[in-house]
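Here the structure comes first, spelled out in structure tokens, and everything after it is commentary.
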Amino acid sequence: MKLPEKGQDWPAIKAMLEERGASDAKWRDGKTAVYVFNAGEEVERVQKEAYTAFMSENGLGPLAFPSLAQMEKDVISMALGLLHGPEGATGAMTSGGTDSITMAVKTARDYARSKGRAKQRANIVLPQSAHLAFDKACHLMDIEVRRIPLKRDGSFEADPVAMGEAIDSDTIMMVGSAPNFPHGIIDPIAALGGVAEDKDVWLHVDACVGGYFAPFARMNGESVPPFDFEVPGVMSMSADLHKYGYAAKGASTVLFRSEELYAFMPFDFAGWSGAPMKTPTLAGTRPGGAISAAWAVMNYLGVEGYRRLQGQVCETRKRAESGLREMGFEIVGNPMLGLMAFHHPDLNAFALYGEIYRRGWFTSVTKEPPSLHLMLSPKHADVIDAYLSDLKDACDAVRSGDAAKKPKVEARYS
């Protein structure tokens, strides 16, 4: 496409946008269980109106836009209040989980260097199930990644003992997930914290998925184990607002136990021809709308609203588990929040994925073990029975051999 010689009017452009989106995943109908977190039309309205109210403002300029600076401080304060942040804890908003994880790794690296460690080649130790964003961050910073196999007890949890054995004097960080993305399993963060304290190593908890879910699930009576700054060894956390915080994209938080640790994150530079600049995260320009929308949604929902929404998701997951077991599926581990993976002992998971995709469902898969994968939203309470019905039909198609005659559907998390 070339830039048109003359511009077109908005109605024509709007019609083209609608046409282009016609074949996209039908997330508003609840047919998508990845990428989008659907909390309903009212929350979507708050997202949009709050975003557009500050869509032209820039979070890069706190002196020009003190409103955004204060909203970001408020968001961080609310986050730390939920996640047992101690006195002096702090953090910043980022564009998403990868951004938060990258900044946490960078901060841990620079902190280690300040202590005379890992000056030549650093490494991080993490479970096999940890998010690939850590690999991306380490690729950028030339840091060695040591992925450690999970426990062999069928829990699909990180193995604190094995991870401890992989730590050496060049280890700048160890990682636990709350929960991990592939299986929805919360790692034994308290045990990992003990290893981190014994080894004097920074522990990061990746709660991109669970940070704004697990606290409310616990309030609702779910047996969520300690996973946040309540564990003394936890030095930093990542938690996405645009996932189960139901904020507009892209909004995440990276949080630190103290100002001392946080001080190693910002980039502060004056050695060029322009004015000195200090940026807290990887981005320069920071969309004001992402900050204002997160602030607005958090204030709109409050504790009561989040408890209600997360309660719906947990109940939907339990309904799904019950229906899946009736069909002969096995649930991977013990998921407690909104993510789950499941597989059938007699049916190929990727063949089932292709069949469910052909029936209009855009979900995901897990490679280890080969499983189907759901990331549930409140909207799924309305459609989970339809999903289970279509999955039953998909099972029948795979059993009969009909699925093998159809074009293959590629399954990717991208």
Side-chain angles (χ1 to χ4, degrees), residues 27 33-51 54 59 68 71-85 91-101 103-104 131 133 177-179 181 184 186 205-220 222 224 227-229 236-255 281 286-314 336-339 375-380:
W27 64 267
V34 66
Y35 303 130
V36 179
F37 296 78
N38 187 349
E41 293 180 359
E42 280 301 303
V43 173
E44 184 183 358
R45 178 181 60 82
V46 173
Q47 288 177 357
K48 288 183 176 180
E49 293 191 17
Y51 196 105
F54 285 85
L68 288 177
M71 281 188 273
E72 181 174 9
K73 289 179 182 177
D74 291 347
V75 167
I76 296 302
S77 178
M78 287 187 279
L80 291 168
L82 290 170
L83 298 170
H84 294 97
M93 288 186 64
T94 71
S95 65
T98 296
D99 194 353
S100 289
I101 287 168
M103 297 316 301
H131 199 276
S177 304
F181 182 84
I186 298 175
V205 174
D206 176 22
C208 283
V209 173
Y212 297 102
F213 193 130
F216 304 107
R218 180 183 282 170
M219 292 177 199
N220 287 339
E222 300 291 334
V224 176
F227 72 96
D228 55 20
F229 291 113
S236 60
M237 296 185 68
S238 45
D240 284 1
L241 289 155
H242 61 212
K243 288 189 172 73
Y244 286 108
Y246 305 113
K249 294 177 176 62
S252 178
T253 49
V254 57
L255 309 168
T281 64
R286 304 168 71 210
I291 298 172
S292 60
W295 182 91
V297 169
M298 294 177 86
N299 278 283
Y300 177 76
L301 288 175
V303 171
E304 182 181 26
Y306 278 113
R307 286 187 64 175
R308 172 177 52 82
L309 293 173
Q310 314 310 29
Q312 288 176 10
V313 175
C314 282
M336 295 183 180
L337 305 178
L339 270 73
M375 182 181 282
L376 298 167
S377 292
K379 176 64 178 177
H380 292 124

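FYI, the numbering just counts along the sequence from 1. Values below: all heavy atoms of this structure, side chains included; hydrogens, waters and symmetry mates excluded.
- Checked against Phe213 for a ring-ring contact (aromatic ring centres under 6.0 Å, His included), the options Tyr246, Tyr244, Tyr306 give a single hit: Tyr244.
- The minimum heavy-atom distance between Gly211 and Ala239, with the atom names listed, is CA-CB, 4.0 Å.
- Minimum heavy-atom separation, Ala133 to Thr98: CB-OG1, 3.7 Å.
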Determine, stepwise, if the pair Val205 / Phe229 fulfils side chain to side chain contact (heavy atoms under 4.5 Å, CB included).
-> CA-CA 9 Å; Val205 174; Phe229 291 113; over 6 Å; no
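- In terms of the side chain to side chain donor-acceptor pair (under 3.5 Å) criterion, Gln47 has no residue partners (sequence neighbours excluded).
- When atom types are taken as modelled, the side chain of His242 and the backbone of Ala251 share a donor-acceptor pair closer than 3.5 angstrom.
- The side-chain heavy atoms of Glu72 and Arg286, taken from C-beta on, include a pair separated by under 4.5 Å.
- Side chains of Thr94 and Thr281: no donor on one and acceptor on the other come within 3.5 Å.
- Rounding to the nearest 0.5 Å gives a distance of 11.0 Å between NZ of Lys379 and CD of Gln312.
- A pairwise comparison of heavy atoms in Ile76 and Gly91 identifies CG2-N, 3.7 Å as the closest pair.
- The side chain to side chain donor-acceptor pair (under 3.5 Å) search around Asn220 returns Arg307, not counting sequence neighbours.
- In terms of modelled atom types and a separation under 3.5 Å, the side chain of Ser292 and the main chain of Ala50 share a donor-acceptor contact.
- Between the side chain of Asn38 and the main chain of Ser377, no donor-acceptor pair closer than 3.5 Å is present.
- Panel note: side chain Thr253, backbone Met93; no donor-acceptor pair is recorded below 3.5 Å.
- Taking every heavy atom of both residues into account, Gly338 and Val313 meet most closely at CA-CG1, 3.6 Å.
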Report the C-alpha distance between Trp295 and Asp74 in whole Å, list the side-chain angles of each, state the deciding distance to 0.1 Å, and finish with yes or no for side-chain hydrogen bond (donor to acceptor under 3.5 Å, both in side chains).
-> CA-CA 7 Å; Trp295 182 91; Asp74 291 347; 3.1 Å; yes
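- Atom CZ in Phe181 sits 6.0 Å away from atom CG in Leu339 (nearest 0.5 Å).
- Between the CE atom in Met78 and the CG atom in Leu83 there is a gap of 12.5 Å [rounded to 0.5 Å].
- Here the CD atom belonging to Gln310 is positioned 7.5 Å from the SG atom belonging to Cys314, to the nearest 0.5 angstrom.
- Contact check on Lys48 versus Glu44 returns a salt bridge, with a Lys/Arg side-chain nitrogen under 4.0 Å from an Asp/Glu carboxylate oxygen.
- Taking CZ from Phe37 and NE2 from His380, the interatomic distance works out to 9.5 Å, rounded to the nearest 0.5 Å.
- For the pair Ile291 and Phe54, the minimum side-chain heavy-atom distance is 4.5 Å or more.
- For the pair Ala104 and Ser236, the tightest heavy-atom approach, listed with the atom from each and the gap, is CB-OG, 4.1 Å.
- The shortest side-chain heavy-atom distance between Val209 and His131 does not fall under the 4.5 Å cut-off.
- Atom CG of residue Leu337 and atom CD1 of residue Ile186 lie 4.5 Å apart, to the nearest 0.5 angstrom.
- Considering all non-hydrogen atoms of both residues, Ala290 and Tyr51 come closest at N-CE1, 3.3 Å.
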